[in-house]
Amino acid sequence: MFVRGLKRKCFDGEEDIEGTLAGIKAIPSYNLQRQSLLDMSLVKLQLCHMLVEPNLCRSVLIANTVRQIQEEMTQDGTWQMINTQSTGQASLDRLVSTDILCRSSRDQAEEKHVPAYGTFNKDFESDQAQGGSETMSTASSVQVPRNLQNNMWEMENPQENKGNFQKSLDQIFETLENKSPNSVEDLFSEVDNSYYDLDTMLTGMMSNTKMGHCDSLETFSSPTNTASNSNCKSDLNDLDHIVEILVES
Amino acid sequence: ADIISTVEFNYAGDLLATGDKGGRVVIFQREQETKSRPLSRGEYNVYSTFQSHEPEFDYLKSLEIEEKINKIRWLPQQNAAHFLLSTNDKTIKLWKISERDKRAEGYNLKDEDGRVREPFRITELRVPTLKPMDLMVEASPRRIFANAHTYHINSISVNSDYATYLSADDLRINLWHLEVTNRSFNIVDIKPANMEELTEVITAAEFHPHECNTFVYSSSKGTIRLCDMRSAALCDQHSKFFEEPEDPSSRSFFSEIISSISDVKFSHSGRYMMTRDYLSVKVWDLNMENRPVETYQVHEYLRSKLCSLYENDCIFDKFECCWNGTDSTIMTGSYNNFFRTFERNTHRDTTLEASRESSKPRAILKPRKVCTSGKRKKDEINVDSLDFNKKILHTAWHPMENIIAVAATNNLYLFQEKVN
């Protein structure tokens with residue numbers, strides 16, 4: 001982060017954000033930010049589960065943060081469906097700032113520019129298809145099912161994830177408490193393939209959440225193809241799966 | 001040199017102890033003012049070095065136990081020797097540091113080099129005499145208090161009765177008698193029956209400086225509980241509960257993490273206590289539980305960087321804080337080798353830097369300033385240029401004079417108020 005002296009374009013860019021669609025940098029989606037924070041936290045929890053001496057205070061604080069996010073996502077889950085209207089800003093630039101997560105909720109309420117998660121996907125979806133900035137109305141027929149899919153994922157996940165997260169969290173604490181060498185070895189011996197998946201997954205996750213958050217989230221959200229979104233989705237499902245494997249020993 | 005993990009002056013201020021990540025303790029002693037070396041007043045030189053803790057292996061859990069010294073606390077001096085408590089994650093040790101400057105000579109049964117003399121060679125009895133020798137400082141472990149903590153010890157505190165002390169880990173606090181090593185009393189236990197319900201841990205604990213029945217402990221949720229040992233054997237019920245209501249306008253996902261208290265210290269007077277959380281230092285009046293009486297922002301410019309600091313784990317750094325001898329000034333550390341002092345009466349605060357470049361011997365420290373906007377004035381440093389690997393977590397203030405010890409990673413700096 002600051003060690004590399006990475007310039008944070010995102011913060012500075014905000015002053016310039018006015019006027020034309022072309023000149024606007026993407027105002028980050030709050031939900032996207034929240035999701036990335038959630039991913040980062042889960043990775044941190046996993047890593048400290050794998051460490052020899054987990055710092056209990058740190059684990060508890062991270063777990064509480066995860067719970068908080070999950071609760072909010074559960075509450076927002078249904079709310080997401082309604083908020084599909086475009087704000088009129090095409091996200092040409094994939095840069096996202098983590099600044100928004102650090103701001104107070106009041107500031108965020110005042111931030112009218114925050115596009116919903118669905119809208120964001122709409123945007124890059126349409127750009128992919130038409131290769132340029134498009135108005136939302138023309139692509140709206142295509143977007144709605146997309147939105148629904150996204151929203152459904154978000155909807156189903158709160159219920160599922162609530163169970164998953166809670167279970168994962170609980171089991172992480174249990175295993176933190178009853179840690180024994182055999183269980184860790186058994187874990188990795190039992191699930192050979194998953195181990196390698198975990199490795200690549202963690203590496204993938206780590207590179208997603210590395211320093212220079214702007215760049216990483218750019219990667220996270222960069223639309224290589226329309227399936228990218230489902231890739232993210234499956235990545236996160238894998239994450240849950242792996243967490244379950246790790247803790248069910 | 002290893003990373004310094006704790007710094008502590010003794011009650012008289014003539015000794016300064018540091019503990020490091022390698023389990024070593026180094027004690028510095030203040031030079032006496034002498035006619036031959038008038039400039040050496042106030043200088044601290046190495047007095048004793050010893051290995052306090054060694055790395056251990058817990059075979060049952062297959063976990064390594066770090067030898068890093070988490071805390072050192074001095075006992076008040078009662079005879080010629082000095083005593084201190086040092087602790088790592090699991091074991092507390094009482095060390096005796098004594099001087100030897102005389103040696104006995106003329107034993108009857110053994111030679112000068114220690115060999116046993118042949119009986120037939122002993123033809124007369126003599127009384128051994130004491131001869132002076134070069135000063136030797138010896139450190140010997142007198143007590144080892146082990147096997148009482150399942151979790152990592154974060155605090156030890158000597159009681160004002162000078163006979164007992166407490167040790168606190170993440171979930172429990174134990175009371176010990178200095179003479180008894182095979183037994184300790186559990187006085188606080190916040191471990192839930194079901195570990196899945198764990199949401200809060202103990203982060204620091206301290207005895208009241210005058211009332212031997214009173215102690216406080218802080219938590220990861222930003223609360224402080226004051227307990228009275230006279231009320232119950234197990235002090236799970238607090239006598240006082242200190243918590244500042246959260247400001248709803250500044251709530252974020254990081255609110256809880258930055259509210260976690262990393263250090264709690266009573267004032268010398270015993271009337272106030274000070275707590276350090278990630279961004280601020282708060283002074284509490286023991287008589288008022290609902291909010292602190294004073295709040296000082298240490299590095300508010302970091303509030304907009306919390307996500308990045310969470311990413312690189314800096315948000316979990318545990319900064320300590322300390323009072324000066326008269327409780328008029330408080331001090332705490334920050335990043336970029338900066339440390340801050342706050343004068344309570346005048347509300348004046350200073351930012352200073354502990355680094356080789358800015359600390360020539362006898363030179364006066366220049367105040368530093370961090371700027372947040374793009375326009376950087378001369379001598380100011382921009383927030384984005386701060387080095388987050390250079391953190392000052394441990395500082396100590398001499399009990400009577402204005403001498404401060406600042407630990408910057410593996411270097412120890414001693415600063416003194418300029419005397420005209």
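This structure is a prediction, so every number in the text was calculated from the model and none was measured.
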With a 4.5 angstrom heavy-atom cut-off, could you sort out which part of Ser260(B) is near chain A: side chain, backbone, both or neither?
side chain
Criterion salt bridge (Lys or Arg N to Asp or Glu O under 4.0 Å) on Arg225(B) and Glu200(B), from CA distance to verdict:
CA-CA 13 Å; Arg225(B) 288 170 177 80; Glu200(B) 192 174 8; 3.6 Å; yes
Apply side chain to side chain donor-acceptor pair (under 3.5 Å) to Asp263(B) and list each qualifying residue two or more places apart in sequence or on a separate chain.
Lys265(B)
Side chain, backbone, both or neither: which part of Asp313(B) has an atom under 4.5 Å from a heavy atom of chain A?
both
Which answer fits Thr203(B), side chain, backbone, both or neither, if we ask what part of it has an atom under 4.5 Å from a heavy atom of chain A?
side chain
Counting only non-hydrogen atoms closer than 4.5 Å, does Ile202(B) touch chain A with its backbone (N, CA, C, O), its side chain (CB onward), both, or neither?
neither
Within 6.0 Å of NZ in Lys390(B), more than 12 heavy atoms from elsewhere
no
Please list, chain by chain and in numerical order, all residues satisfying salt bridge (Lys or Arg N to Asp or Glu O under 4.0 Å) with Asp317(B), sequence neighbours excluded.
Lys391(B)
